[in-house]
Amino acid sequence: MKISKKFLISAMFLVLTGSLAACSSPKPSEQGSGTEADAKTKITYWTGDRHDSEYVKETINTFNQTNKDNIEVELVIKGDDFDQALDMSYQTSEPPDIIRVKENTIQTFYKKGFLALIDEFLTDEMKEKFPVMEDLNSFEGKRYSLPNYGTTMRLIYNKELFDKAGIQQPPTTLEELVETAKKITEVGKASGAYGFAQNFKSPSSAFGRSARVIAEVSGFGGFGYDFKTARYDFSSFKPIIEAFKKIKDDGSMLPGVESLDIDPLRAQFAEGKIGMYLSFSAEAGVYQSQFPAKIDWAAAPVPSINGQFNGASGFLGGQWLAISSQSEHKEAAWKFLTYMYDESILKQYQEKGFGISMVPSVSAVAAKPEVKGIDGFLPNQYDGVWPVYPSVAVQGMKSDDAFFSYMLSGGDLDSIISDLNTRYNAALDAAIASGDVKAEPIADFNPLDLAGQYAK
């Protein structure tokens with residue numbers, strides 16, 4: 001499976017070289033015919049994103065006050081239980097009208113029939129403006145979402161705690177990650193500061209921000225899928241999970257991570273209580289507006305397993321908003337989407353540091369974000385776009401839950417990995433047999449070829 005990266009390379013080049021004037025308040029083109037209805041058409045927009053929530057709220061408020069079609073949008077922000085809540089909404093026949101889709105959810109939502117086609121709404125101009133990415137915003141040649149931004153993945157660290165512990169540079173190996181967390185805890189524990197944390201209230205979210213990208217830069221699929229063999233193999237995760245368990249066992253991990261969600265983690269980091277964690281480039285905007293940082297912090301490339309970079313740090317994105325297949329107000333929903341995808345809105349989205357534009361016409365005019373810490377997130381020689389792995393409905397405990405259970409309670413990690421391989425490949429075989437998934441070996445696949453696309 002190959003994904004076109006021409007537009008990404010162009011977009012990232014412009015992001016890195018462009019430095020236009022800072023943005024002014026958006027004035028998106030007016031939508032609608034001006035016809036006033038007797039009652040407002042109310043639509044709901046569900047998202048799991050919180051890093052951009054204030055900007056999105058302001059933008060929606062402006063839409064509600066200025067649109068001439070009497071449409072009112074209600075924003076509903078869900079936590080890490082977003083996927084489960086969405087499933088339940090369809091079972092109860094009360095799904096939202098607009099859904100925030102991501103690169104690791106859009107395939108599942110598409111297969112479940114949650115998403116409406118948007119081709120009928122698209123003008124020729126929009127078709128030209130927004131890139132088509134198969135298996136990311138389109139399926140079988142039909143579009144279900146349009147791109148907005150992408151995110152890089154980094155190690156975020158407290159420079160003050162590093163200095164206090166006498167640490168000269170961020171860790172580049174798992175061994176250094178464990179030792180760095182320990183040193184920070186030794187000097188910070190008295191004041192309530194610990195070396196490392198992740199948002200393990202949701203293991204899938206936590207590992208998706210950490211173990212995933214460590215595996216990727218080390219040359220392994222971040223979801224346990226081997227593109228060269230077209231089989232699942234979680235053995236590459238063994239040293240990563242062992243390192244995380246060491247940090248937990250030696251007391252270098254923030255207490256209570258079992259119930260730690262991402263926003264509480266961010267709040268603790270902003271207060272200086274966490275030395276390191278791994279996450280997305282959206283964190284730069286978070287510490288400027290959502291949780292103003294009281295510390296000096298920075299972002300660095302994630303460590304690999306042994307210090308060797310044999311793959312690419314996943315550049316994630318390719319979609320943003322989608323319309324529910326069950327919405328009774330699809331035309332109103334599309335008018336809202338048209339507003340949100342106006343160039344002035346997307347331009348400000350990048351300039352405020354919420355993400356790196358994946359729309360060439362936007363990145364061509366958007367200025368580099370004037371946000372503290374953003375430089376550490378800009379694309380480097382290790383960033384690249386991985387192919388889309390096949391999503392399967394595995395029976396029993398999922399890999400993230402199994403790994404976190406091991407971190408807490410121990411056990412035989414080799415047996416856990418063997419069991420995961422067996423169950424995931426059984427699910428893969430079943431999905432292939434039913435026609436739900438296509439998975440073929442890519443004999444010449446080399447993860448290292450994905451890296452460095454944006455180091456121009």
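Ion pairing between a basic and an acidic side chain is recognised when a charged N comes within 4.0 Å of a carboxylate O; E258 and K248 show such pairing. Taking a cutoff of 4.0 Å between a charged side-chain nitrogen and a carboxylate oxygen, K372 and D296 qualify as a salt bridge. Using a cutoff of 4.0 Å between basic side-chain nitrogens and carboxylate oxygens, E186 and K183 are not scored as salt-bridged. Using a cutoff of 4.0 Å between basic side-chain nitrogens and carboxylate oxygens, D419 and R423 are scored as salt-bridged. Taking a cutoff of 4.0 Å between a charged side-chain nitrogen and a carboxylate oxygen, K78 and D83 do not qualify as a salt bridge. A salt bridge links D263 to R50: one of the charged nitrogens lies within less than 4.0 Å of a carboxylate oxygen. Ion pairing of K127 with D119 is absent here, as no side-chain N (NZ or NE/NH1/NH2) approaches a carboxylate O to less than 4.0 Å.
Ring pair Y424/Y232 is tilted by interplanar angle, where 30° to 60° counts as tilted. Ring geometry for F196 versus F244: interplanar angle of 30 to 60°, hence tilted. Ring-plane geometry between F139 and Y110 is classed as parallel, the angle between the planes falling under 30 degrees on a 0 to 90 degree scale with a further cut at 60. In this structure, F109 and F82 have tilted ring planes: the angle between them lies in the 30° to 60° band.
Annotation: side chain of W46 is not in contact with side chain of I99 (no heavy-atom distance under 4.5 Å). For the pair I432/V437, a side-chain contact is recorded, criterion being any heavy-atom separation below 4.5 Å from C-beta on. Annotation: side chain of I241 is not in contact with side chain of F404 (no heavy-atom distance under 4.5 Å). At a threshold of 4.5 Å between non-hydrogen side-chain atoms, the residues K102 and N104 count as touching. In this structure the side chain of I98 reaches within 4.5 angstrom of the side chain of I323, judged on heavy atoms. No side-chain heavy atom of R212 sits under 4.5 Å from any side-chain heavy atom of I240. A 4.5 Å side-chain heavy-atom check between I214 and L278 finds at least one atom pair inside the cut-off. Using a 4.5 Å heavy-atom threshold, the side chains of M253 and F200 count as touching.
The two residues G113 and S325 come nearest to each other via the heavy atoms O-OG, 2.6 Å. In plain terms, the two heavy atoms of A299 and R154 that are nearest each other are CB-CB, 4.0 Å. The two residues A431 and S434 come nearest to each other via the heavy atoms O-OG, 3.0 Å. The nearest pair of heavy atoms linking A165 to V187 is CB-CG2, 3.8 Å. Taking each heavy atom of S361 and K129 in turn, the nearest pair found is OG-CE, 3.4 Å. Of all heavy-atom pairs between G219 and P447, the closest is O-CG, 3.3 Å.
Here the side chain of T152 pairs no donor or acceptor atom with the backbone of S281 at under 3.5 angstrom. Counting only distance, with no hydrogens or angles, the side chain of Q350 and the backbone of S357 share a donor-acceptor pair below 3.5 Å. For the pair S391 (side chain) and T108 (backbone), a donor-acceptor distance under 3.5 Å is absent. Checked by atom type and distance alone, the side chain of T172 never pairs as donor or acceptor with a backbone atom of G307 at under 3.5 Å. In this structure, Q319 contributes its side chain and L136 its backbone to a donor-acceptor pair below 3.5 Å. Panel note: side chain D49, backbone D52; no donor-acceptor pair is recorded below 3.5 Å. Checking side-chain atoms of S418 against main-chain N and O of D414 turns up no donor-acceptor pair under 3.5 Å. Formation of a donor-acceptor pair under 3.5 Å by the T105 side chain with backbone atoms of V101 is not found in this model.
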> Can V132 and N137 be said to form a side-chain contact (heavy atoms from CB on, under 4.5 Å), step by step?
Replying inline: CA-CA 7 Å; V132 179; N137 61 29; 4.2 Å; yes
>> Does R143 form a side-chain contact (heavy atoms from CB on, under 4.5 Å) with S138? I'd like the steps, not just the answer.
In response: CA-CA 4 Å; R143 300 197 208 198; S138 70; 4.3 Å; yes
>> As a quick check of understanding, evaluate side-chain contact (heavy atoms from CB on, under 4.5 Å) for L177 and M276, giving each step before the final call.
In response: CA-CA 9 Å; L177 182 72; M276 303 174 290; 3.8 Å; yes
>> Please evaluate residues E54 and K57 with respect to the criterion salt bridge (Lys or Arg N to Asp or Glu O under 4.0 Å), reporting the C-alpha separation (whole Å), side-chain torsions for both, the decisive distance (0.1 Å), and the verdict.
In response: CA-CA 5 Å; E54 292 305 314; K57 286 176 185 176; 3.6 Å; yes
> So E176 and T180, side-chain hydrogen bond (donor to acceptor under 3.5 Å, both in side chains) or not? Walk me through it.
Replying inline: CA-CA 6 Å; E176 289 178 359; T180 300; over 6 Å; no
> Would D401 and F207 satisfy side-chain contact (heavy atoms from CB on, under 4.5 Å), going step by step from the backbone distance to the final call?
Replying inline: CA-CA 10 Å; D401 295 319; F207 285 128; over 6 Å; no
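Results of the ring-ring contact (aromatic ring centres under 6.0 Å, His included) test with W320 over Y144, F354, Y349 single out Y349 as the only residue that passes. Among R266, E283, R209, the one residue that satisfies the side-chain hydrogen bond (donor to acceptor under 3.5 Å, both in side chains) test with Y277 is E283. Under the ring-ring contact (aromatic ring centres under 6.0 Å, His included) rule, F269 has a single partner from Y194, Y157, Y287, which is Y287.
With rounding to the nearest 0.5 angstrom, the CD atom of Q395 is 14.0 Å from the OG1 atom of T422. Atom CG in D444 sits 8.5 Å away from atom CG in D449 (nearest 0.5 Å). To the nearest 0.5 angstrom, F223 atom CZ is 10.0 Å from F234 atom CZ. Atom-to-atom distance recorded for L265:CG and N199:CG is 6.0 Å, nearest 0.5 angstrom. Taking CD of E271 as the reference point, atom CG of N158 lies at 11.5 Å (rounded to 0.5 Å). In this structure, L146 CG and I118 CD1 are separated by 4.0 Å, a value rounded to the nearest 0.5 Å.
Around atom CD of E343, more than 12 heavy atoms belonging to other residues, nucleotides or ligands sit under 6.0 Å away. Other residues, nucleotides and ligands contribute over 12 non-hydrogen atoms within 6.0 Å of the CD atom of Q84. For CE of M88, the number of neighbouring non-hydrogen atoms (other residues, nucleotides, ligands) closer than 6.0 Å is 12 at most. Heavy atoms of other residues, nucleotides or ligands lying less than 6.0 angstrom from NZ of K273 number more than 12.
Side-chain rings of Y225 and Y389 stay apart, their centers remaining 6.0 Å or farther from each other. Aromatic pair F220/F237: centroids not less than 6.0 angstrom apart. Note: F130 and Y341 meet the aromatic proximity criterion, with ring centroids under 6.0 Å apart.
Seen from the ring of Y406, K245 counts as a face-on cation partner, given the 6.0 Å and 45° thresholds.
For the residue pair Y90 and S324, a side-chain donor N or O sits within less than 3.5 Å of a side-chain acceptor on the partner.
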